[in-house]
Amino acid sequence: MTLLSPPRPALIEAFSAPKGFGDQTLRDRRPDAIELLGGIPDPSVLPTAELAEATARVLARPGAPALQYSRTEGIPALREWIALREGVDVHRVLVTNGGFHGLAIAVQTVLERGDLVAVDNPVFPLFLRGLELADARVLPVRVGAEGLDVDALAAQLRAGARPAAVYTVPEFHNPSQSSLPTARRRELVDLAERYGFVVFADDPYRELRFHGEPESLAPFHDSDHVIHVNTFTKTLGPGLRLGWVVLPERLIPDAVALRSRQDSHSSTLVQAVVAELLTSDETLFDRVLGRARTLYRSRAHTLAAALSASGSFEVTVPEGGLFLWPRLTDDTVDADRLAADASAEGVEYQRGSFFPSGPGTDADRHLRLAYGDTEESSLREAAARLGRAVARQG
Ligand SMILES: Cc1ncc(COP(=O)(O)O)c(C=O)c1O
């Protein structure tokens, strides 16, 4: 079996540095620079005014209970809202400080030191950082046009691989856009039950679907071998640091015991404000999503069309999420030089090679372009600059 090389810490630092908080950003050096780096929600579609009103109402409650300690699992009003949305019993919901924290809880609840973990190939790099907590070994499994290649995983299992967990982003994969169809989810869960591993289904982009119905969560929720990890980061704002995990019954006691030994619980105030926001107006969340989906769909289509027109990229128009994963059409283009030339042209993105990948993918021939927080005129300009950067190698 082929193991993945460890993540490169400097690159992970670069990936996780939020815009505006870094030392010197490209925009400082070049004011007209266009950054397509992170999957960041656009401030215009976050419910800022509604959050301010909800905060005022919560703090006006007699005795200000939102300023007190609360239960490790989360406050009831928020857990009930999440449980309804997920379609699970409320006691399976554990509120977290965002998706990354949910992954850390999954890792620490399930893994023993040195365990093998099968992961998306290419993979969201911060998950690998979370795995360092468990000193885990990593087995890459290719992600294709239909998400994690469950047949490839099955072949690895037949060949003797015994992962304790499988990590995948099942909907609008980061970085490669694809989604795992419902039938494939069932096959993945069947493998989990047969071979005894736990699936960490990391789902922050699920709600950002541009067309049609989301893939079913039932295969995940019907199994006692899946932890479903989600977050309000992409819908209400990453600064809230609020998310949740849906746990299988048998893992609840360990996860809650772990959490009570960490920080005891997520901020009561943030939970209370979000619960107030979501329950005081039952249609608000769907209205927020509606605005976000319309904006991101339009931006995704604009960027995809502009890049296709340049002839330098093969593009699959995204069906949701915040990323475009175009592939260079010309295999002689040097992808590292392209990133440097693009930076000189004033456009910054994540190179495909930034995402740790094992054999069997061509991630290094791709670019990951985040379009969520960039206006359409700038996206067209970014595509033109990328076209010029490719042409420099002609
Ligand atoms: C695949 C994936 N998982 C988890 C996260 C982390 O989410 P959060 O900001 O809620 O910790 C992200 C954020 O970009 C992500 O892309």
Side-chain angles (χ1 to χ4, degrees), residues 7 11-21 35-43 46 74 78 82 93-108 117 119-131 133 141 143 147-148 165-180 199-209 215 220 227-246 259 262-263 266-267 270-271 274 292 296 318 320-325 349-350 352 354-357 363 368-373:
L11 290 179
I12 289 182
E13 288 306 335
F15 179 75
S16 56
K19 260 185 207 173
F21 292 91
E35 291 182 359
L36 307 176
L37 285 166
I40 293 169
D42 195 275
L46 298 179
L78 183 62
I82 293 168
V93 175
L94 172 65
V95 173
T96 67
N97 303 330
F100 191 49
H101 182 219
L103 292 173
I105 288 175
V107 162
Q108 290 178 78
V117 180
V119 305
D120 286 337
N121 172 21
V123 64
F124 171 59
L126 292 188
F127 177 70
L128 295 187
R129 180 186 276 183
L131 276 189
L133 297 171
V141 179
V143 175
L148 185 83
V166 171
Y167 168 76
T168 190
V169 178
E171 201 133 352
F172 312 125
H173 183 254
N174 178 5
S176 71
Q177 289 181 220
S178 60
S179 296
L180 189 67
V199 177
F200 300 160
D202 182 17
D203 223 359
Y205 302 101
R206 173 179 169 75
E207 299 282 16
L208 301 182
R209 170 171 284 278
E215 299 294 343
F220 295 154
I227 299 180
H228 188 236
V229 180
N230 213 328
T231 176
F232 287 112
T233 280
K234 310 294 172 181
T235 53
L236 301 182
L240 292 168
R241 307 313 299 135
L242 195 66
W244 67 92
V245 291
V246 176
R259 184 72 199 278
Q262 293 179 337
D263 60 344
S266 295
S267 155
V270 172
Q271 293 186 69
V274 170
Y296 300 146
L322 294 173
F323 304 114
L324 192 69
W325 182 243
Y349 57 87
Q350 293 294 359
F354 168 71
F355 298 89
S357 63
R368 194 199 69 176
L369 308 178
Y371 48 75
D373 60 340

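Any value given below was found using the heavy atoms of this structure, including those in side chains, with hydrogens, waters and symmetry copies removed. Throughout, residue positions are numbered sequentially from 1 according to the sequence presented. Read the numbers this way: they start at 1 and go in the same order the structure lists the ligands and their atoms.
The closest donor-acceptor contact from the side chain of Lys234 to the backbone of Gly39 lies under 3.5 Å.
Distance check: Arg209 CZ to Ser179 OG gives 5.5 Å after rounding to the nearest 0.5 Å. Atoms CH2 and CD, on Trp325 and Gln177 in that order, are 9.5 Å from each other to the nearest 0.5 Å.
The closest approach between a heavy atom of Pro204 and any atom of ligand 1 is below 4.0 Å. Ligand 1 lies within reach of Lys234, whose nearest heavy atom is under 4.0 Å from it.
Judged by distance alone, the side chains of Arg259 and Ser266 do bring a donor and an acceptor atom under 3.5 Å apart.
Of the heavy atoms in Phe100, both backbone and side-chain atoms come closer than 4.0 Å to ligand 1. Counting heavy atoms under 4.0 Å from ligand 1, residue His101 does not touch it at all. Using a 4.0 Å cut-off between heavy atoms, Pro238 makes no contact with ligand 1 at all. Looking at Phe127 against ligand 1, nothing comes within 4.0 Å, counting heavy atoms.
Ionic pairing of Arg206 and Glu215 is not present here: no N-O contact between side-chain nitrogen and carboxylate oxygen is shorter than 4.0 angstrom.
The closest heavy-atom contact to atom 2 (C) of ligand 1, among the options Asp203, Asp202, Thr96, Asn230, comes from Asp202. Between the choices Leu126, Leu322, Thr231, the shortest heavy-atom distance to atom 10 (O) of ligand 1 belongs to Thr231. Taking each of Phe124, Phe232, Phe172, Phe323 in turn, the one with a heavy atom nearest to atom 15 (C) of ligand 1 proves to be Phe124.
Less than 4.0 angstrom separates some heavy atom of Gly98 from each of these atoms of ligand 1: 10 (O), 11 (O). Set against the non-hydrogen atoms of Val169, the atoms of ligand 1 under 4.0 Å away are 1 (C). Atoms of ligand 1 lying under 4.0 Å from any heavy atom of Arg241, numbered from 1 in the order shown and given with element: 8 (P), 9 (O), 10 (O), 11 (O).
Taking only nitrogen or oxygen atoms, main chain and side chain alike, Tyr167 does not reach within less than 3.5 Å of ligand 1.
Leu208 is listed as a side-chain neighbour of Leu322, based on a closest heavy-atom distance under 4.5 Å. Using a 4.5 Å heavy-atom threshold, the side chains of Asp263 and Asn97 count as touching. For the pair Val166 and Leu148, the minimum side-chain heavy-atom distance is below 4.5 Å.
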Handout entry: ring pair (Phe, Tyr, Trp, His ring centres under 6.0 Å) between Phe200 and Tyr167, worked out
Key = CA-CA 5 Å; Phe200 300 160; Tyr167 168 76; 7.4 Å; no
